[in-house]
Each structure stands twice: as C-alpha cells, then as structure tokens.
Amino acid sequence: MRIDRDYLLETLAGLVRINSVNPSLAPGAPGEKEIAGFIAASLQSLGLKTEIFEPEPGRSSVVGTLKGSGGGRNLMLNAHCDTVDVAGMAEPFSAAIRGGKLYGRGSFDMKGSLAASMAAAKALVDDGVRLRGDVLVAAVADEEYGSLGTRDLIGRVKVDGAIVTEPTALNTCLAHKGYLWIAVEVAGRAAHGSKFELGIDANMKMGAFLHELAKLEKDLRARPPHPLVGPPSLHAAMLSGGSGLSTYAARATVEIERRTIPGETEAQAVDEIQQIVDKLAAADRDFRAAVKAFFVRDPFEAAADASIVKAVDRAASSVLGHAPAHVGDTPWMDAALLQAAGVDTVVFGPAGAGAHADVGWVDLESVEKLAEILAEAAADYCG
Ligand SMILES: [Zn+2]
C-alpha cells in the first residue's frame with residue numbers, strides 16, 4: 001500500500017511543533033487540547049468520522065474511525081499525543097530534519113508513531129478497498145502520567161484488536177513489565193533527644209528494614225528471568241523520617257517501586273515485603289511497620305500466535321523483507337490496559353532515541369515503513 005510521504009512528514013512536523021506537554025508532569029503545561037484539534041482536523045480531511053473525548057476538562061483524546069462494511073474485526077491503532085516536559089531541551093519544538101532524523105520532544109515518544117498511524121489510515125482511504133471491520137486511529141491523552149485517555153476509550157469504543165505503536169525499532173513487542181508503588185511506614189516513639197529510655201527511633205528501625213529489603217532486591221534479580229523482559233526488580237525510591245534534631249523520630253517512610261514481570265501478581269509482590277516486616281517484628285518487639293500498595297500497573301504479555309501478532313508479523317515481513325524479531329521492553333505502556341480489557345494487543349513502532357532525554361529524534365525511514373506495515377496489518381486483520 002502506498003504511503004503519502006508528504007502527508008506523513010507534514011503531519012509529523014505539525015505534531016512536533018505543537019506543545020503537548022502533560023500538565024500532570026509539568027504544572028501549567030498546555031496538555032492535549034491544541035494538538036487534539038490539529039489531529040481531528042487532519043483525520044476529518046481524510047474522510048474519517050472523528051470525535052474528541054475529554055476524560056477530564058482540557059485533557060483531550062481523538063478517535064478517527066474508518067468505517068468498515070460490517071462483519072469484520074475492529075482494530076485500534078493507539079498512540080499517545082502527550083509528552084513529558086521539555087526542560088533542558090535546546091530545540092523541543094523544532095521538528096528539524098538532519099540526516100534522516102526528525103528532532104524534537106515527542107518525535108520518538110511518540111508523535112512519529114501517531115503520524116504513521118494517520119498516514120496508514122490515509123493509505124487505506126487512498127487505496128479505496130472497503131474493509132469489513134473498522135479501523136480506529138486513537139490519539140490518546142495522558143499516557144505519560146495516569147493513562148486517562150486509553151482508560152476512558154476502553155469504556156467508549158469496542159475493538160477486537162489493538163496495535164500500540166510505542167517505539168520498538170520495527171520489532172514486534174510481545175511483553176512489557178508492570179510496576180507497583182508500595183509505602184512502608186515504620187512507627188517509632190517521639191521523645192526528647194536526651195531521653196533515650198523513652199524514645200523509639202523510627203529511622204534506625206527503617207535502617208533494619210532497608211537492610212532486609214536490599215536482600216530481597218538481590219533475590220529478585222537472581223530469579224529466573226522472563227525471556228523477553230528479564231527479571232523483576234525494586235528500588236527504594238523515596239525516604240523520609242524524623243521531625244527535628246533533638247527529637248526521636250516518630251515515623252519513617254519509604255516508598256518502593258517494584259517492577260513486575262508477566263506472571264507476577266500485586267498480592268505476591270506485596271506479600272514479599274510484608275514477610276520482611278513480620279520477620280523483623282518477630283525479632284524486635286519495638287519494630288512496627290505498615291505495608292500499603294498505593295498504585296499498580298500490570299505487566300503485559302501477548303501470545304506469539306495471537307491473531308493480531310500474526311497480522312503484524314505478516315505485514316512487517318512483507319514490507320521489510322524479513323520477519324521482525326519478537327522482543328520485550330521494560331517500561332509500562334497502555335498495552336496492558338487494552339489487553340486486560342480483552343483486546344487482542346501487540347506493540348509495534350518506529351526506531352529512534354531519546355524518549356525522555358534532552359535530545360530526541362525519530363528515524364524517518366522507520367516511520368514510513370511503520371505506516372506501510374500498519375496499513376497492511378489493518379487490511380489483513382479487518383479485511
Ligand atoms: Zn510513549
């Protein structure tokens with residue numbers, strides 16, 4: 001299927017030039033409203049039925065639907081249109097092209113993917129073939145923070161399959177890690193700094209906890225790794241404790257991030273930490289701590305023989321001239337939400353570098369190839 005290269009490049013440059021920094025990450029940032037207008041106008045000009053949804057005021061997702069004739073499977077091409085902050089970047093909105101790379105915040109993560117999804121829809125329209133199923137281009141809000149956009153769309157649109165187009169260097173990504181955030185609050189007893197007989201030092205008790213946590217951290221990384229995403233891990237991300245120099249610390253808190261692999265559950269990960277607390281409490285009657293998971297994102301795994309995976313593999317093989325590698329990636333993506341909602345999901349996207357870094361770029365040849373692969377995969381899956 002022929003990709004309109006001019007449309008693809010103009011659309012990508014247009015997307016990168018619009019500031020769509022996520023306001024939950026950078027207070028005061030504009031969010032998705034302006035970029036949603038740009039995307040909607042472009043999809044509308046292609047003849048797609050286009051809707052803007054606001055999961056929260058000012059946070060916009062766009063869905064363009066290329067209607068099928070009926071009776072086929074519906075497919076979502078999913079790309080987030082928000083980005084992380086631009087602080088420290090010399091040219092966040094330049095969309096400058098040098099040596100086959102387009103630069104700017106979000107070019108790689110993931111406006112190149114969004115432009116390719118839009119160009120794939122255009123190729124299907126230009127080709128004139130009427131598919132049986134619907135093809136939806138979903139430009140979603142807030143993936144970089146709370147996934148407001150994809151969570152909202154899951155309740156609104158009904159699709160059988162989804163291709164999340166996060167960057168994969170044109171490999172087929174079948175798994176990513178999940179994570180959970182766990183707070184452990186160690187209780188002490190406040191007392192005047194001179195009154196050792198009255199005080200219980202929560203910070204010292206926290207030291208004992210961290211000593212055991214470090215052993216768990218080593219143990220996690222020594223476990224049999226998942227073949228595509230490696231072993232689980234954790235880190236003691238944030239620590240606080242104490243209220244003044246001449247006071248025994250009444251409490252100390254650590255916030256832990258635990259990265260999970262497919263097959264692990266939240267309950268199991270929390271229980272491993274609870275076991276440390278129980279062991280310390282059994283050995284020391286002054287040790288008291290509460291464990292609480294306060295945020296969870298599940299890991300993602302797709303079967304290599306799932307029909308969406310096979311459609312993408314076939315399309316990629318025909319466009320690239322070789323079968324794409326099956327890979328995994330460590331960061332969490334919206335793919336897990338879609339898969340958990342019963343949508344047959346795979347991740348496939350372009351090449352580039354600098355996802356959240358000071359310099360970011362996307363490889364233009366890979367964006368064009370991606371557009372072609374998405375169009376072919378949609379024709380296969382929805383046809
Ligand atoms: Zn992303």
Side-chain angles (χ1 to χ4, degrees), residues 11-12 15-16 18-26 29-32 35-36 39 55 59-62 76-87 89 92-93 95 101-118 137-154 162-179 229 259 297-300 302 327-339 343 345-363 366-367 370-371 374:
T11 302
L12 174 52
L15 290 169
V16 171
I18 297 171
N19 178 343
S20 61
V21 171
N22 189 319
S24 296
L25 298 173
E32 301 87 357
I35 203 166
I39 297 160
R59 307 304 304 273
S60 314
S61 296
V62 185
M76 177 192 286
L77 305 178
N78 177 296
H80 63 82
C81 57
D82 62 318
T83 71
V84 295
D85 196 10
V86 296
M89 293 188 85
F93 307 114
K101 301 168 178 174
L102 188 139
Y103 288 81
R105 172 58 81 224
S107 56
F108 179 50
D109 180 21
M110 58 183 296
K111 293 176 177 179
S113 310
L114 177 54
S117 300
M118 294 165 74
V137 176
V140 297
D142 191 45
E143 191 275 347
E144 296 288 5
Y145 184 72
S147 293
L148 287 172
T150 291
R151 284 196 287 136
D152 175 62
L153 284 191
I154 283 170
I163 305 172
V164 172
T165 56
E166 290 277 8
T168 65
L170 301 178
N171 296 305
T172 305
C173 173
L174 298 183
H176 67 64
K177 287 185 171 180
Y179 63 96
V229 301
R259 292 279 166 168
R297 287 290 189 227
D298 289 332
F300 160 76
V327 301
D329 203 356
T330 51
W332 186 86
M333 307 177 198
D334 276 356
L337 294 176
L338 289 158
Q339 186 88 322
V343 178
T345 303
V346 67
V347 184
F348 194 95
H356 294 189
D358 287 351
V359 179
W361 53 269
V362 69
D363 176 89
S366 77
V367 173
L370 172 63
L374 294 175

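Just follow the structure's listing: the first ligand is 1, and inside any ligand the first atom is 1. As the structure is a computational prediction, the values presented were derived from the model and not from experiment.
- Looking at R105, its side chain does come within 3.5 Å of a backbone N or O of D85 through a donor-acceptor pair.
- In this structure a side-chain-to-backbone donor-acceptor pair under 3.5 Å is missing from K177 to R259.
- Protein-derived N/O/S atoms nearer than 2.8 Å to the Zn ion (ligand 1) total 4, waters excluded.
- Of the candidates V347, V140, I163, T165, V140 is the only one forming a side chain to side chain contact (heavy atoms under 4.5 Å, CB included) with N78.
- In this structure, E32 CD and N19 CG are separated by 10.5 Å, a value rounded to the nearest 0.5 Å.
- Ring planes of W361 and Y103: tilted class, angle from 30 to 60°.
- Checking L148, I154, L153 one by one against T150, the side chain to side chain contact (heavy atoms under 4.5 Å, CB included) holds for a single residue, I154.
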